[in-house]
Trainee: 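Below you'll find the structure I mean.
This one's a predicted model, so the numbers in the text were calculated from it and none came from an experiment. All heavy atoms count here, side chains included; hydrogens, waters and symmetry mates do not.
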Amino acid sequence: QVHLVESGGGLVQAGGSLRLSCAASGRTFSDYHMGWFRQAPGKEREFVAAISWSSGNTYYADSVKGRFTISIDNAKNTVYLQMNSLKPEDTAVYSCAADRAVRSSADWRYWGQGTQVTVSS
(Lines give C-alpha, C1' and ligand atoms only; values in the text may rest on other atoms or scores of the structure.)
Protein backbone atom coordinates (compact mmCIF):
# COMPACT_ATOMS: atom_id res chain seq x y z
CA GLN A 1 0.00 0.00 0.00
CA VAL A 2 1.31 3.40 -0.98
CA HIS A 3 1.95 5.94 1.75
CA LEU A 4 2.84 9.59 1.22
CA VAL A 5 3.64 11.50 4.39
CA GLU A 6 4.22 15.25 4.29
CA SER A 7 6.06 17.33 6.84
CA GLY A 8 7.65 20.75 7.16
CA GLY A 9 4.67 23.06 7.15
CA GLY A 10 4.29 25.91 9.60
CA LEU A 11 3.92 29.63 10.12
CA VAL A 12 6.34 31.99 8.40
CA GLN A 13 6.47 35.71 7.69
CA ALA A 14 6.15 37.04 4.17
CA GLY A 15 9.48 36.85 2.39
CA GLY A 16 10.55 33.83 4.40
CA SER A 17 11.23 30.24 3.39
CA LEU A 18 10.01 26.75 4.20
CA ARG A 19 10.95 23.30 2.95
CA LEU A 20 8.26 20.67 2.69
CA SER A 21 9.09 16.96 2.61
CA CYS A 22 7.08 14.02 1.29
CA ALA A 23 8.27 10.57 2.31
CA ALA A 24 7.04 7.94 -0.14
CA SER A 25 6.74 4.21 0.53
CA GLY A 26 4.82 1.12 -0.50
CA ARG A 27 5.94 0.64 -4.11
CA THR A 28 8.63 1.46 -6.63
CA PHE A 29 8.19 5.02 -7.85
CA SER A 30 10.81 5.03 -10.60
CA ASP A 31 8.12 5.23 -13.30
CA TYR A 32 6.05 7.80 -11.44
CA HIS A 33 5.75 11.55 -11.21
CA MET A 34 5.56 13.21 -7.82
CA GLY A 35 3.58 16.39 -7.41
CA TRP A 36 2.70 19.09 -4.93
CA PHE A 37 -0.76 20.65 -4.82
CA ARG A 38 -2.25 23.21 -2.49
CA GLN A 39 -5.72 24.18 -1.35
CA ALA A 40 -6.59 27.47 0.29
CA PRO A 41 -9.83 27.93 2.27
CA GLY A 42 -12.79 28.27 -0.06
CA LYS A 43 -10.73 27.49 -3.14
CA GLU A 44 -10.17 24.44 -5.30
CA ARG A 45 -7.03 22.38 -5.02
CA GLU A 46 -4.41 23.71 -7.44
CA PHE A 47 -1.24 22.36 -9.00
CA VAL A 48 2.04 23.74 -7.63
CA ALA A 49 4.91 21.63 -8.99
CA ALA A 50 5.83 18.16 -10.19
CA ILE A 51 8.91 16.10 -10.95
CA SER A 52 9.63 12.91 -12.86
CA TRP A 53 11.26 10.33 -10.62
CA SER A 54 13.18 8.82 -13.54
CA SER A 55 14.25 11.86 -15.60
CA GLY A 56 14.17 14.62 -13.01
CA ASN A 57 12.14 16.83 -15.36
CA THR A 58 10.30 19.49 -13.38
CA TYR A 59 7.07 21.39 -13.89
CA TYR A 60 5.81 24.50 -12.09
CA ALA A 61 2.71 26.61 -11.86
CA ASP A 62 3.33 30.14 -13.13
CA SER A 63 2.50 31.53 -9.69
CA VAL A 64 5.49 29.80 -8.07
CA LYS A 65 8.11 29.79 -10.86
CA GLY A 66 11.37 31.26 -9.66
CA ARG A 67 10.35 30.97 -5.99
CA PHE A 68 9.68 27.24 -5.43
CA THR A 69 11.95 24.31 -6.28
CA ILE A 70 10.92 20.65 -6.34
CA SER A 71 13.55 17.94 -5.93
CA ILE A 72 13.97 14.25 -5.16
CA ASP A 73 16.32 12.38 -2.85
CA ASN A 74 16.30 8.88 -4.31
CA ALA A 75 18.19 7.37 -1.39
CA LYS A 76 15.55 8.58 1.04
CA ASN A 77 12.56 8.09 -1.29
CA THR A 78 11.63 11.66 -0.41
CA VAL A 79 10.39 14.59 -2.48
CA TYR A 80 11.03 18.15 -1.35
CA LEU A 81 9.44 21.49 -2.09
CA GLN A 82 11.71 24.39 -1.24
CA MET A 83 9.60 27.52 -0.97
CA ASN A 84 11.33 30.91 -0.96
CA SER A 85 10.04 34.48 -1.03
CA LEU A 86 6.76 33.31 0.42
CA LYS A 87 3.69 35.50 0.07
CA PRO A 88 0.46 35.57 2.09
CA GLU A 89 -1.35 34.16 -0.96
CA ASP A 90 0.79 31.01 -0.66
CA THR A 91 -1.13 30.16 2.51
CA ALA A 92 -2.80 26.77 2.00
CA VAL A 93 -2.75 23.09 2.86
CA TYR A 94 0.00 21.56 0.73
CA SER A 95 -0.39 17.93 -0.33
CA CYS A 96 1.96 15.51 -2.00
CA ALA A 97 0.68 13.30 -4.82
CA ALA A 98 1.96 10.48 -7.03
CA ASP A 99 0.89 9.10 -10.38
CA ARG A 100 2.40 7.85 -13.62
CA ALA A 101 1.20 10.75 -15.76
CA VAL A 102 1.95 14.35 -14.87
CA ARG A 103 -0.92 16.81 -15.19
CA SER A 104 -2.20 19.93 -13.49
CA SER A 105 -5.60 18.50 -12.67
CA ALA A 106 -6.00 17.26 -9.11
CA ASP A 107 -6.98 13.69 -9.96
CA TRP A 108 -3.70 11.96 -9.19
CA ARG A 109 -3.85 8.42 -7.90
CA TYR A 110 -2.09 8.67 -4.53
CA TRP A 111 -2.25 11.48 -1.96
CA GLY A 112 -0.74 12.40 1.35
CA GLN A 113 -2.69 13.90 4.21
CA GLY A 114 -1.40 17.44 3.70
CA THR A 115 0.53 19.97 5.75
CA GLN A 116 -0.53 23.51 6.60
CA VAL A 117 1.55 26.47 5.40
CA THR A 118 0.61 29.88 6.73
CA VAL A 119 2.34 33.05 5.55
CA SER A 120 1.73 36.15 7.62
CA SER A 121 1.95 39.65 6.17
Side-chain angles (χ1 to χ4, degrees):
Q1 187 172 355
V2 173
H3 288 283
L4 303 176
V5 181
E6 302 97 332
S7 60
L11 173 64
V12 64
Q13 288 188 332
S17 298
L18 280 175
R19 189 179 77 160
L20 305 183
S21 300
C22 172
S25 62
R27 63 155 289 132
T28 301
F29 291 95
S30 58
D31 57 342
Y32 268 56
H33 288 82
M34 303 298 295
W36 285 98
F37 288 76
R38 66 187 182 186
Q39 187 168 21
K43 295 187 177 181
E44 292 187 353
R45 183 175 281 175
E46 66 171 357
F47 172 80
V48 175
I51 187 168
S52 166
W53 207 288
S54 58
S55 68
N57 289 342
T58 57
Y59 312 84
Y60 295 96
D62 288 343
S63 58
V64 306
K65 277 181 184 176
R67 299 189 298 123
F68 290 11
T69 302
I70 189 170
S71 62
I72 285 178
D73 184 330
N74 283 289
K76 296 182 178 180
N77 246 31
T78 298
V79 180
Y80 301 99
L81 185 68
Q82 177 67 43
M83 305 186 295
N84 299 328
S85 302
L86 283 161
K87 305 175 181 179
E89 51 264 42
D90 294 319
T91 295
V93 174
Y94 284 70
S95 298
C96 176
D99 206 334
R100 282 195 169 89
V102 62
R103 56 200 180 277
S104 60
S105 56
D107 58 351
W108 289 41
R109 182 172 183 181
Y110 300 111
W111 290 89
Q113 82 287 352
T115 185
Q116 176 71 46
V117 171
T118 303
V119 184
S120 63
S121 58

Trainee: Are Val12 and Val48 in one and the same hydrophobic cluster, where Ile, Leu, Val, Met, Phe, Trp and Tyr link if side-chain heavy atoms are under 4.5 Å apart?
Mentor: yes

Trainee: Short question: side chain of His33, backbone of Ile51 - any donor-acceptor pair under 3.5 Å?
Mentor: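 Looks like no, no N/O pair under 3.5 Å.
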
Trainee: In terms of hydrophobic clustering (I, L, V, M, F, W, Y; side-chain heavy atoms under 4.5 Å; direct or indirect links), are Val5 and Tyr110 co-clustered?
Mentor: no

Trainee: Would you say Leu81 and Val93 are hydrophobically clustered, going by side-chain heavy atoms of ILVMFWY under 4.5 Å?
Mentor: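 Leu81 does not cluster with Val93.
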
Trainee: Going from CD on Gln116 to CG on Leu11, what distance comes out if it is rounded to the nearest 0.5 angstrom?
Mentor: 9.5 Å

Trainee: If you take all heavy atoms of Pro88 and Ala14, which pair is closest and at what distance?
Mentor: CD-CB, 4.1 Å

Trainee: Are the side chains of Met83 and Val64 in contact, using a 4.5 Å heavy-atom criterion?
Mentor: no

Trainee: Report whether Val102 and Val2 are members of the same hydrophobic cluster (ILVMFWY, side-chain heavy atoms less than 4.5 Å apart, transitive linking).
Mentor: no

Trainee: Mind telling me whether Trp108 and Phe37 have parallel, tilted or perpendicular rings, with 30° and 60° as the class edges?
Mentor: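 Perpendicular, since the angle between the ring planes exceeds 60°.
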
Trainee: Contact between Gln113 and Glu6 at the side-chain level, heavy atoms closer than 4.5 Å - yes or no?
Mentor: yes

Trainee: Out of curiosity, Arg67 CZ to Gln82 CD, how far, rounded to the nearest 0.5 Å?
Mentor: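 With rounding to 0.5 Å, CZ (Arg67) is 12.0 Å from CD (Gln82).
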
Trainee: Roughly how far, to the nearest 0.5 Å, is the CG atom of Asp31 from the CG atom of Asp99?
Mentor: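 Spacing of CG (Asp99) from CG (Asp31) equals 10.0 Å.
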
Trainee: Using side chain to side chain contact (heavy atoms under 4.5 Å, CB included), reason through Trp36 and Phe68 one step at a time and then give a plain yes or no.
Mentor: CA-CA 11 Å; Trp36 285 98; Phe68 290 11; over 6 Å; no

Trainee: For residues Lys87 and Val119, determine if any side-chain heavy atom of one lies less than 4.5 Å from a side-chain heavy atom of the other.
Mentor: no

Trainee: Provide the closest heavy-atom pair for Ser17 versus Asn84 in the form atom of the first, atom of the second, distance.
Mentor: OG-OD1, 2.9 Å

Trainee: Side-chain contact test, heavy atoms from C-beta onward, threshold under 4.5 Å: evaluate it for Tyr60 versus Ile70 and give yes or no.
Mentor: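 A side-chain contact exists here, since the closest heavy-atom pair is under 4.5 Å.
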
Trainee: For Lys65 and Asp62, run salt bridge (Lys or Arg N to Asp or Glu O under 4.0 Å): C-alpha distance rounded to whole Å, both residues' side-chain angles, the deciding distance at 0.1 Å, then the answer.
Mentor: CA-CA 5 Å; Lys65 277 181 184 176; Asp62 288 343; 3.3 Å; yes

Trainee: Checking side chain to side chain contact (heavy atoms under 4.5 Å, CB included) for the pair Asn74/Phe29: CA distance, chi angles, key distance, verdict?
Mentor: CA-CA 10 Å; Asn74 283 289; Phe29 291 95; over 6 Å; no

Trainee: Hey, does Arg38 have a side-chain heavy atom less than 4.5 Å from the side chain of Val117?
Mentor: no

Trainee: Which distance, rounded to the nearest 0.5 Å, do you find between the CH2 of Trp111 and the CG of Leu4?
Mentor: 10.0 Å

Trainee: Check for a donor-acceptor pair, side chain of Asp73 on one end and backbone N or O of Thr78 on the other, with a separation under 3.5 Å.
Mentor: no

Trainee: Assess the residue pair Thr69 and Tyr80 against the criterion (side chain to side chain contact (heavy atoms under 4.5 Å, CB included)); give the C-alpha distance rounded to whole Å, side-chain angles, the decisive distance to 0.1 Å, and a yes or no.
Mentor: CA-CA 8 Å; Thr69 302; Tyr80 301 99; over 6 Å; no

Trainee: Using a 6.0 Å cut-off, check whether atom CZ of Arg27 has over 12 heavy atoms from anything other than its own residue.
Mentor: yes

Trainee: According to a hydrophobic-cluster definition based on side-chain heavy atoms being under 4.5 Å apart (Ile, Leu, Val, Met, Phe, Trp, Tyr only), do Phe47 and Leu20 belong together?
Mentor: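 The answer is no; the residues belong to distinct hydrophobic clusters.
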
Trainee: Quick check for you: to the nearest 0.5 Å, what is the distance between Gln13 atom CD and Ser121 atom OG?
Mentor: 9.5 Å

